[in-house]
Each structure stands twice: as C-alpha cells, then as structure tokens.
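Within every chain, numbering begins at 1; the chains are lettered A, B, ... in the order of the sequence lines, protein sequences first and strands thereafter.
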Amino acid sequence: MGSALPEGDVAPADGLLPASAAEGDRGRDFGVYLHVPFCRVRCGYCDFNTYTAEELRGAKRSEYAAQAATEVGFAGRVLRESGVAERPVSTVFVGGGTPTLLPVDDLALMLDAVRREWGIVHGAEVTTEANPDSVDRASIHRLADAGFTRISFGMQSAVPHVLAVLDRTHNPERVPQVVEWAREAGLDVSLDLIYGTPGESMDDWRVSVEAALACQPDHLSAYALIVEEGTRLARQIRRGEVPEPDDDLEADKYEWLDARLAAAGYGWYELSNWAKPGHESRHNLSYWTDEDWWGIGPGAHSHIGGVRWWNVKHPAAYGQRVLSGVSPAAAREILDSATRHEERVLLETRLARGIPVVDSGAPASTVSELAREGLIEAVDVGRGDARIVLTLRGRMLADLVVRRLLGD
Amino acid sequence: MESLHRGECAETGVSPIVRPARQRVHRLARRAWQRVFADTWQNRTVHVTDEQAAQLKPGATEASRIRNFCIIAHIDHGKSTLADRMLQITGIVSDRDMRAQYLDRMDIERERGITIKSQAVRMPWAVDGEAFALNMIDTPGHVDFTYEVSRSLAACEGAILLVDAAQGIEAQTLANLYLALGNDLEIIPVLNKIDLPAAEPDKYAGELAALIGCDPSEVFRVSGKTGAGVVELLDRIVEKVPAPSGDADGPARAMIFDSVYDPYRGVVTYVRMIDGSLRPRERVQMMSTRAVHEILEIGVSSPEPTPTGGLGVGEVGYIITGVKDVRQSKVGDTVTTQARPASVALKGYAEPKPMVFSGIYPIDGSDYPVLREALDKLKLSDASLVYEPETSVALGFGFRCGFLGLLHLEIITERLEREFGLDLIATQPSVIYEVTTDDGKVAVVTNPSEFPEGKIKSVSEPVVRATILSPKSYVGAIMELCQSRRGTMQGMDYLGEDRVEMRYTLPLGEIVFDFFDQLKSRTQGYASLDYEQTGKQEADLVKVDILLQGDRVDAFSAIVHRDKAYAYGVLMTGKLRSLIPRQQFEVPIQATIGARVIARETIRALRKDVLAKCYGGDITRKRKLLEKQKEGKKRMKMIGRVEVPQNAFIAALSSDDSGKKDKK
C-alpha cells in the first residue's frame, strides 16, 4: 500500500455510503483486506504504510488485532445501514507490513471477526503475506488451522547482494524450507519477486527466478522496482551511491521471465502476475475487476460500488478513531461514470483476458493501429466479443496503450 | 529663481510618509557624512546669491554663462555618486534630501534596472563672483546604445572622463571617449574613488594622460564618496568647457538627445537648444517627420522637472507635447517652430537600426496576448524595439524582435519577464544576412527560416570593429578566442604597463553567439569589450537544419560558418537526444546542410512504459498517475509523429548543459 494517500472528498464520520454504492451489489463479490502496519525494519525501497517499533508513537502491536476486529464490526454496521447487500466473504487477504510479525493468534482473531461478521464462503481464498524470516513450521501449521488457505512469501531475490540493496534480512536458503512447510500444511504458495534492483544483473535475475521455480510455487508475482520519492533508495540514487534502474534491462528481464515461466507451466493473468492454471489470485483479480472489498487497518483502501475511500495512515490515529466509534476513513471519492470507465480501461487492459473492445470505448481505428504496431494481439474489431489483449511487447508499454485507448 | 532653492525648501518639507526607522538611518548617515565633508567644501560659498541667480534664469541665460557637459564612465566607476555629490555641493539638493534621494534611487534602480536615469540636470555654480549654469547630461553606458551616446555627446561641449582609480579604463569608456573626441568635446580626465585602499591613481593617471595626450598632473583626482576634489572639478568645468555658441536669434533648432515615456505625462523630450529659443504654447515641428505638436510644458530639471518661461540658445531642458509614443519624438531629431521653421536639420540624425534578431516566445502559450500587450507598452518608451508576429513549430506563437544588440535584447526580455510576469524563451540571436542566389536575387535574412532554398551564390554578413581592453596576461586567451570566431587582428597597444588594447574585426554573428560570456570566462572577468558595425563581408555561411525523424525543427536552424557547421550539428543533435524522451519507435535526429546530413544521433525506441507495481487496492493512486501522465502528454508538442516536451526545446536553446539531468 503506497504510503502517500491520495486527495479526496471529506469522508463522513459515520462512514455511511451513498445510495449509489448499493446499486448492483448482489452481482459483485465481496472481499476483505486486512492491513498489518508493522515491520521489524524499514526496507530502503519501501514506501508502504508500515512502521517499525520506534515509529509507532504509542500505538501498540499487541492492541492492533482487537482494533482491526473493531473496524470489522463497524464495517458490518455501515454496510447494513447503507443498504448494501450482505454477502459472505469470497476472499481475504492479510497484507502489510509484515503480517507474520503478529502472533498467529492475532491473525486468527482478525479472521474470526470477519467470519463472525459476514461468514466466509466455502472454498474462499484466504491469504496472508509472510516474511520467510518471521514464520516457522509450527506457525505455518497454525495459520492453516486458523483458516488460511494461501501464503505469499516476500522472497524478492535469491541473490545476497540484491537482497542487501533491498535491505531484506532473510537468508535466501530459507525460502525453499518455508515453502515446503507451507505445502505440508496444505497451503497454496505464492512467491513475490522484485526485478530491476540497482546492481542486479541479468544473471542475478535468472538465478532468482530459477530459485523461485525450484520451489514450485503455485503463483508468482514479479514487480519492477519503482524508486519512490522519499525512500532511502531514492536518496541513494540522487546522491549517486547506487545506479538508477535501467528501463531496457528491466524490459529484458521481463521478457526473459515471461518466456521462462511459460515454459515452466505458468501463465500470465495480469502483467505482473503468473500462476499455474486455477491458481490465479482471486483477491488480486477482485481489485482489477471492480468487485467490492473493505480494507481494514491504517491506510487501507476500500471500494464498494463506485465509492473508494482510504483510512488514516498512522496506527495511533487509526486506533483512536476505531475505538471511539468514528470512521477511520481519511477521505473518499465517489467515482463518476467517466472515472469508472477510465479505471476500468486502466485495470482490465492489464489482464490477460483483456477488455472487450466495445467496453474500452476506443475507436476501432485506434484498436487496429495498436494491433498493427504489435502492442495488442490481432483483433477483429467487428466482432462483438472481440477483446483487447496486450502482446508481450505491449505489456511493457501498457501505460502507453491505456493512454491511447483513452484518447491520450 | 524658485527652482534654484528647491533643495533648501525641501529641507523643511520632509515627506511625512518616510518611516521613522528610515529617517533615523538617514539622520545618522547624514551626520557621519557631514563630518567627512565639513573640511572639504562647507567653508565655501556654495549657493549663488539672489543677484547671481537672476542671471541664470532659464530661458534668459546668456550663452556665455552656460556649460554643458557629460560624464563618460563605465557602469560601476561611480558616475552616480559623483553626480549626486555635484547636486549637493551646488545646493540644488539638500544634505538631508541627498541621502534620502540617494538611497531611494538605489532602491528604484535595483527594482527597475537601468531604465531610471536623470537625463539632464541644471546646477548653479559661481566662480570668482561670476554665476554659471552647469548642465550635466546623462549618457547611457553601453555598447548597444552608441547612437544614443553620440547624441548625448552632441548636446555637450565638454566631457568628464571618469575612471575608477582602482580599475583603469574599460573598453566601452574608451569607445565613448573616442566618440567624444570625434565630437570635438573638451575632455576633463578624472580618477574617481581615490579614497579606496586599492586605488593606484599614479598608474591610471599615466594611462589616461597617454590616451588623451595631456600631462598626468592634469588628471583630476576625486572621491565621489567623500566629496574630495569635487568643488575643484566644478570650477574646472567652468574654466575648461567652452560656452555654447549658436545663433540666439535664428530659427529654433533643438536637438533631441533623449526621449522618455512617462505613463502620466506622455513622452518627455530632452533637448539641447542649438539655435534660437522655444517658448510654452509654441507649435513645434519634428524635422524628420514634419509632425507638428504644441508645447504643453517646457522646463529644466534641477533635479525635479521645473517649468520655465522657455529655453534659450545653448540651454538644456525638456519639452512635453502630449505625444504618447517615443517614435513621435526620436532621439537625434531636430525640433523647430512651425511659425519660423529652420531650413536645415541638425546633422547626425539616424533611424534606430536593429542589428540583432531573436524570436521571443511565451513558455506558456496562453501568455501570447500578454506578451503582445507588453511589447506594445515597451515600444512606447523604446524607439529602437521592433517586432512582428512569428510562428514556430517548436515554440508556438511568438514575436520576431529586432534589437540594437545583445544587451538590448537582454534588457527587453528581462523587463518583459519582470514587469509583465512573463516566462519567456528566446531563440538563438541572429544578425542580418544578405543571401544572393544563383539567379541573382538577394534576400535579406534575419531569421534562419528565411534562408533561401536552392543554390546560393554568396552570403554577406555584418562585420564589427571590436576593441578589447584587458590585463596583458590574457592576451593569448583573447587571441585564441577571436581567432576561433574568425576575427582579424587590426592592432594592439599597451595602455600603461600591464594593460592592453586589442583591436579586431569580427563577424557580428560570432559576437552574438556567446562571445561576451566566453571573453569574460577566459579572462576571469577582467576584459571589457566594445564594438561598432563597420560594414559587411562575404563569408562561407550555411544554414544548418535540425531534423527530428525527417521533420525540420525550425527553432534550431542556424546560419553558421561552414567550418562550424559540423560542431553545431553535433552539439544540437546531442542535446536533443538527451532531452527528448524515448518514443515507441526509433527516432533519428539529424543535422543537415541542404540535403546533406552532417551529424546524426538516434533515440532508441521505448521499451518500458508501465507501472508494474502492486499498489494493492489503491486504485486511486494508479488512476492519478495515469492522469498525470496524460497531463504530461498535453504539454508535448508534436513534431511529425515525435512527442517532444516543451521544456526540451527550452533546455536545448539555453546555453548550459544542464539539460542532461532532465532525462528520465
């Protein structure tokens, strides 16, 4: 979760949603995101909303699970009072920060609160992120017992000097071990990789990818490192201490990765996500396909029927609001139809299934041109079910394609 | 009469709006100042008597009692301070007012740059019981305004050559000295700032004496700051500067030596009566245009504008006729009366002639109307500014402007930016070329885009005679620079022991291309430059175009010598390569002469334009990033299929190499 919050409209203290949020609610899945805003150390590249022990200004890790559970109760009330249909939860995702810095009992407590409030559908996808360092065999088994079905490890790289630039503290050799324990516990496994770290060579990248594949995860995410303003990495680059990321090398890494993963039986379903068939992350997909979700926790983002809001960032402020029965939302925006369309094109174009040409709103000439330029797959724009699907080259130029579809 | 004692009147009429703190500062400064001055001049009868004053009534002063002089000085050699001291010692400005006025004027000058100036001040002075009216006429201090300087000099019979005793003479001062000598002015050499610890009066007295052919003992030594030597200098002016000679009863002929636009009063025209006289309400005629106006006000500055009953032969003053544009009252023109017109105009009148041209564009295209209005306003006070609308593929709508020189260009763009709040970009300055094609047609080219296509028979360019003064240790560096700019040395002389005057002929086109900056940087700022146009020469000049994917980018076309074409091509293609973001396709950047490519760079195709990062459920952020990208696209100019950020053009046109950092 990016640390800088967007600007928006004032969010009401009671959290109530406008009537528009309930329109079409029964046709949408409902998911829950639970944010755990704690880390042992702050990684140099990271601008997510997370806090080390020293940065907590009075907020206590030990009190957090109860506060999050309180927001779950608040959320249930708001949805009921706003007339939004109650639906059992299809996906839960616990992210951070480092969720596994909390005791498993705390994570279980938060999950129970969700279960109590809305119920969780049978076969739901229930994921937690985990740092390879902060889990062991026992804790992984207890996560499975608590109802988690999936675990996503922040592997990032298998190369020590790359991990060092990223400030990641885990020993790369621990990854196969924790993956094995997760398997043993019956969990689906995803690994997160980062490419484009300053100093990472093509060979380094190959080593990392091969190491990830050797673990045989069900799912892989690979994100290009983005140097965010305000991070230590950004300062180091500005001072010339580490080199700037190289776009061409990143493109090479992406193309090599896609080919390698395809050969290993993983298909891309979003431009930074690959999975064995049937193991695509449904929670991820819900973000990109306009489903409803409630984000619990400091800085967490929610979306219900065209209303987006985000909570206050700091755990101390968050705790205070939640405990006094006030909405923790910092601001919100009620999307108009033009903005919803823009978001839809932006998000669905990045999916492997693409966006239907008719829904993109782009003129047939633009679509044909993009196909001719090799940025999207050949498409018969005349057919009603024709879809816009990025080519490999197009995926690396997705923003450009989206801008063209939206008429620049 | 009243005017002579204005200073004293002001003594009791201190403006009530002066803030107390400021007043205190003035009082303290005055006390300190009085201590310094007590010995030097306060024991002398400063003010003329009433009886003497009656002999100096404006419009009725005998020519034999008039002395017209100017001060020739380099910009920081202390002309204003000396002038202020004269105002004070002659009593037309009081001690108290002096400090106030001095400080205030500094404020305004800081604010308004070099546009504020006192054009001509009339001061009473008495020597050996005889009263005299001294007219001190201001001269602009820079190379671009040689014509204005020459008119100011033509209004005088004498000139103070004022030189900093710690720095010696500068090139522009030398040039103006030659102008003064050419006008047969009596030169009074003066070293200023003799109170400075670094002053070397003996050394520079020798230098000045050698230049004007006098004895070093005849070189005056003053301090404008302490006032030392100023009384004696005033006496000397009366003694040495000849009284004006003219036909007191002939048809009026007044020479305009300055013309200033005042938003409240219209144009204030400063004149020197050469023959005859002018009176209020008289109908006057400008001899160059035959336009007739009525004199609404006539007067002298002492130093405030003071209406008088007229101006007589030899006198200096101002007239106001209600015209609103300095073009209707041009420097150098002759004013006569409609009733009894003179038959022959005074010599030396010339239309202002722009020598340097540049395209001026607002960085924000929507400022174009503001720019147009601003130029229209500046034109009222600047007869030499010319402009016409121009369109550029790269820069949008702007104006092709003509200037007297580089400094004039700088002053105008700075005034446009500061006084009208504009952000501007100026294209590489160009001079006037005459291009003859094979079919014998001659085109006058002030903009590379006007350079004829096809076979060129010859190109002629303006040439200047340049004078460079420098410590002798930089002679090698200067010669190298001038040679690299196609200069030909005409001569070199030592001015004293360690300073050298070097004379070159140089193409003006080479001078407008950062010559001055180069000269300053190669001589640690010690060298000074002056130049004047002397004629034309044929040269092997070509137009270099810069092409982006085959499309010409007009703002970067330049007319350069064939030997420099390759370097220019390499420089510009390299700059643009580092400034233009990568596109979806490969973009060649070429420098060409006609159809021939002389330099080439390539912008490789863009391979990555995607934010492949997980922002979790923060879709808003992703969308805002997209919107920001789209905003960025709006600021792009399309050159053919290539998208170029506006600021890339600006960075490429600016002379430094900071552009590289802008690259993503």
Could you tell me which portion of A:Ile194 (side chain, backbone, both or neither) has an atom closer than 4.5 angstrom to a non-hydrogen atom of chain B? neither

Turns out that what part of A:Asp252 lies under 4.5 Å from chain B's heavy atoms comes down to both

Do other residues, nucleotides or ligands put more than 12 heavy atoms under 6.0 Å from B:Tyr368 OH? yes

More than 12 heavy atoms of other residues, nucleotides or ligands under 6.0 Å from CZ of B:Phe420: yes or no? yes

Give me the atom names and distance for the closest heavy-atom approach of B:Lys608 to A:Leu397. N-CD2, 3.7 Å

Minimal non-hydrogen separation, B:Ile619 against A:Tyr287, with atom names: CD1-O, 3.9 Å

Run the salt-bridge test on [X] and [Y] with the 4.0 Å N-O cut-off and return the result as yes or no.
X: B:Arg607; Y: A:Glu255; result: yes
X: B:Arg604; Y: A:Asp248; result: yes
X: A:Glu373; Y: B:Arg641; result: no
X: A:Asp399; Y: B:Lys630; result: no
X: B:Arg621; Y: A:Asp47; result: yes

Side chains of A:Arg403 and B:Leu626, heavy atoms from C-beta outward: is any pair under 4.5 Å? yes

Does one side chain, of A:Arg393 or B:Gln584, offer a donor that lies under 3.5 Å from an acceptor on the other? no

Approximate separation, where rounding is to 0.5 Å, of A:His303 NE2 and B:Thr620 OG1: 9.0 Å

From B:Arg623 CZ over to A:Arg340 CZ, what is the distance, rounded to the nearest 0.5 angstrom? 11.5 Å

Identify which part of B:Glu627 has an atom lying under 4.5 Å from any heavy atom of chain A, answering side chain, backbone, both or neither. side chain

A:Val401/B:Val610 under side-chain contact (heavy atoms from CB on, under 4.5 Å): CA gap, chis, key distance, verdict: CA-CA 9 Å; A:Val401 172; B:Val610 60; over 6 Å; no

